[in-house]
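So you know, we letter chains A, B, ... as the sequences are listed, proteins then strands, and number each from 1.
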Amino acid sequence: MPLTNRLEYYKTLAASEAKELQQELKEKISLQGLVTAPQFVAGADISFDRGSELMHAAIVVLQLPALSPVARSLVTDETTFPYIPGLLAFREIPVLIKAWGQLQQKPDVLILDGHGTAHPRRMGIATHFGIEVDWPTIGCAKNILTGSHDKLGLEKGEYVDLKEGEERIGMVLRSRTNVNPIYISPGHKVSFDDTYDTVMKSLNKYKLPETTRQAHRWANKLRKGEAEPGYVEY
DNA sequence: GCGACAG
DNA sequence: ATCTTGTCGC
């Protein structure tokens with residue numbers, strides 16, 4: 001089924017059906033590592049007014065190692081799926097894929113807001129998105145959804161595995177010294193090592209990766225009418 | 001049954 | 001996610 005039709009199909013799904021679809025898609029996950037060191041990393045995020053069905057999406061591409069801006073894609077669209085923990089992808093993926101399709105300069109890897117394999121069925125939004133567009137993705141969340149972990153050191157760069165039972169599903173990373181950690185996990189077509197390395201390279205002086213920060217910034221500008229939808233290359 | 005629960 | 005000012009701590 002064509003991608004466009006799949007996205008329309010998502011909107012018709014009941015929660016139970018969405019979960020079944022995740023169980024099927026789970027078989028397509030690849031944790032094969034990246035072939036070459038990434039030079040371009042991108043961040044994706046969504047902003048919206050509470051109570052509104054309008055979703056404002058931003059994807060920004062940055063170049064390593066300086067994290068200098070390369071391009072951005074902004075799209076506004078309406079969602080028809082509610083926010084349900086564990087089913088975030090069905091709500092946000094449609095507009096993100098529109099932004100992705102508009103993006104000319106594709107990055108080596110895309111970091112999304114939310115989890116990848118650190119999900120009850122290993123199908124967080126980063127993994128789901130990666131499978132749909134067949135591209136390397138990483139999940140980076142500010143809060144935990146599932147799993148448990150040991151105590152974590154306070155220095156930037158330290159991490160512990162996030163596990164569900166005996167299975168490693170992600171990592172809890174101290175992205176900035178003495179600040180609450182972030183939760184990172186492979187999305188699709190990246191390894192756990194790629195996930196850690198890429199996120200570390202995307203960090204500067206803040207808690208969140210610069211990719212995430214820039215995507216958040218532009219999504220907010222779009223929502224507030226301070227930026228126009230469309231594609232821009234720098 | 002109760003609590004947890006990405007954005 | 002978003003609503004919002006000051007304030008405590010490194």
Side-chain angles (χ1 to χ4, degrees), chain A residues 10-11 15-16 18-19 22 25-26 29 43-59 74-97 99 110-132 137-149 153-156 158 162-165 169-188 195 199 205-209 211-226:
Chain A
Y10 285 171
K11 297 178 180 177
S16 59
K19 286 185 183 177
Q22 289 181 326
L25 288 176
K26 177 181 178 183
I29 300 176
D45 191 26
I46 284 180
S47 173
F48 57 88
D49 292 300
R50 41 182 296 165
S52 171
E53 293 303 294
L54 284 185
M55 316 285 285
H56 308 281
I59 296 182
L74 306 180
V75 170
T76 293
D77 195 15
E78 54 185 48
T79 184
T80 56
F81 207 94
Y83 168 66
I84 301 173
L87 300 180
L88 176 66
F90 294 90
R91 175 174 173 79
E92 300 193 344
I93 274 189
V95 62
L96 285 178
I97 286 189
L110 175 69
I111 301 176
L112 292 97
D113 262 40
H115 295 101
T117 57
H119 176 280
R121 291 166 293 282
R122 311 295 172 263
M123 280 297 298
I125 187 169
T127 305
H128 196 146
F129 184 95
I131 288 175
E132 293 290 356
T137 58
I138 288 171
C140 177
K142 295 178 285 297
N143 298 92
I144 197 169
L145 175 60
T146 189
S148 59
H149 61 86
L154 295 172
E155 286 293 314
K156 175 179 180 178
E158 295 192 276
L162 179 61
K163 304 174 74 173
E164 193 170 271
I169 61 175
M171 290 162 281
V172 186
L173 172 67
R174 191 74 68 182
S175 54
R176 180 177 173 175
T177 300
N178 293 329
V179 166
N180 288 161
I182 58 177
Y183 304 84
I184 63 177
S185 56
H188 186 48
T195 298
V199 170
K205 62 181 294 192
Y206 303 104
K207 167 179 174 175
L208 298 177
T211 42
T212 302
R213 300 184 72 251
Q214 288 301 316
H216 194 267
R217 170 169 165 262
W218 284 103
N220 270 321
K221 283 196 175 194
L222 180 61
R223 173 170 63 86
K224 296 175 180 175
E226 298 170 3

Next item on the list: Give, for atom OG1 of A/T211 and atom CG of A/L110, the distance between the pair rounded to the nearest 0.5 Å.
Entry: 8.5 Å

Margin query: Tell me the interatomic distance from A/E164, atom CD, to B/dC5, atom P, rounded to whole angstroms.
Written below: 14 Å

Item checked: Point-to-point distance, once rounded to the nearest 0.5 Å, from CD of A/E53 to CZ of A/F48 -> 9.0 Å

Checklist line | Length of the line joining A/D45:CG and B/dA6:P, which is rounded to integer Å | finding: 15 Å

Check: Are A/R122 and A/E164 ion-paired here, with the side-chain N under 4.0 Å from a carboxylate O?
Finding: yes

Next item on the list: Output the distance between atom NZ (A/K156) and atom CZ (A/R174), rounded to the nearest 0.5 Å.
Entry: 13.0 Å

Next item on the list: Name the nucleic acid region contacted by A/S47, choosing base, sugar-phosphate or nothing; use a 4.0 angstrom heavy-atom cut-off, strictly under.
Entry: sugar-phosphate

Checklist line | Sugar-phosphate only, base, or nothing, as touched by A/G51 at under 4.0 Å among non-hydrogen atoms | finding: nothing

Margin query: Expected output check: what is the dot-bracket annotation of DNA chain B, where ( ) and [ ] are pairs inside the strand (brackets for crossing ones), | is paired with another strand, and pairs are Watson-Crick or G-U under 3.5 Å?
Written below: .......

Next item on the list: Hey, could you give me the CG/CD1 distance between A/L208 and A/I182, rounded to the nearest 0.5 Å?
Entry: 6.5 Å

Notebook entry, point to check: Does A/H128 put a side-chain nitrogen or oxygen below 4.0 Å from OP1 or OP2 of B/dA6?
Noted result: no

Notebook entry, point to check: Is A/D45 salt-bridged to A/R217, cutoff N-O under 4.0 Å?
Noted result: no

Notebook entry, point to check: If pairs are Watson-Crick or G-U with both distances under 3.5 Å, what is the dot-bracket string of DNA chain C, marking crossing pairs with [ ] and pairs to another strand with |?
Noted result: ..........

Note to self: What's the closest nucleotide to the side chain of A/R91 if the choices are B/dG7, C/dC3, B/dA6?
What the structure shows: B/dG7

Note to self: Would A/T212 and A/I111 count as a side-chain contact (heavy atoms from CB on, under 4.5 Å) here? Give the steps.
What the structure shows: CA-CA 7 Å; A/T212 302; A/I111 301 176; 4.3 Å; yes

Margin query: Quick check on C/dT4: is either OP1 or OP2 less than 4.0 Å from any side-chain nitrogen or oxygen of A/R50?
Written below: no

Next item on the list: Describe the nucleic acid contact of A/L87 in one word from base, sugar-phosphate, nothing, applying a heavy-atom distance below 4.0 Å.
Entry: base

Margin query: Under 4.0 Å from OP1 or OP2 of C/dT2: is there any side-chain N or O of A/N220 that close?
Written below: yes

Margin query: Any residue in residues 137-144 of chain A with a heavy atom nearer than 4.0 angstrom to DNA chain B? Just list them by number, or reply none.
Written below: A/A141, A/K142, A/N143, A/I144

Next item on the list: Check step by step if side-chain contact (heavy atoms from CB on, under 4.5 Å) holds for A/L112 and A/L96.
Entry: CA-CA 10 Å; A/L112 292 97; A/L96 285 178; 3.9 Å; yes

Margin query: Working to the nearest 0.5 angstrom, can you tell me the gap between A/K224 NZ and A/H56 NE2?
Written below: 11.0 Å

Notebook entry, point to check: In whole Å, what is the span from the CE atom of A/M55 to the C1' atom of C/dT2?
Noted result: 12 Å

Margin query: For the base of C/dA1 and the side-chain ring of A/Y83, does the geometry meet a stacking cutoff of under 5.5 Å between centres and under 30° between planes?
Written below: no

Check: The side chain of A/E92 lies closest to which of these nucleotides: B/dG7, B/dA6, C/dC3?
Finding: B/dG7

Next item on the list: May I ask you to say what A/R223 touches in the nucleic acid, namely base, sugar-phosphate or nothing, with a heavy-atom cut-off under 4.0 Å?
Entry: sugar-phosphate

Next item on the list: Could you check how far CD1 of A/I125 sits from C1' of C/dA1, rounded to whole Å?
Entry: 12 Å

Next item on the list: Would you mind reading off the distance between A/L162 atom CG and B/dC5 atom P, rounded to a whole angstrom?
Entry: 13 Å

Note to self: With a 4.0 Å cutoff (strictly under), does any side-chain N or O of A/T146 reach OP1 or OP2 of B/dA6?
What the structure shows: no

Notebook entry, point to check: Rounded to the Å, how far apart are A/H149 NE2 and B/dA4 P?
Noted result: 16 Å

Next item on the list: Using whole Å, report how far CZ of A/F48 lies from P of C/dT2.
Entry: 7 Å

Next item on the list: Verify whether one side chain among A/H188 and A/T127 offers a donor that lies under 3.5 Å from an acceptor in the other.
Entry: no

Next item on the list: Verify side-chain contact (heavy atoms from CB on, under 4.5 Å) between A/H119 and A/H128, making sure each step is shown before the conclusion.
Entry: CA-CA 11 Å; A/H119 176 280; A/H128 196 146; over 6 Å; no

Notebook entry, point to check: Could you give the distance from CG (A/D49) to CZ (A/R223), rounded to the nearest 0.5 Å?
Noted result: 5.0 Å

Next item on the list: Could you check which of B/dA6, B/dG7, C/dT2 has an atom nearest any side-chain atom of A/H115?
Entry: B/dA6

Check: Can you tell which of B/dG7, C/dC10, C/dT2 lies closest to the side chain of A/L88?
Finding: B/dG7

Next item on the list: Please report, rounded to the nearest Å, how far the P atom of B/dA6 is from the NE2 atom of A/H119.
Entry: 11 Å

Checklist line | Qualifying residue, where the test is side chain to side chain contact (heavy atoms under 4.5 Å, CB included) with A/V172 and the options are A/I144, A/L162, A/N180 | finding: A/L162

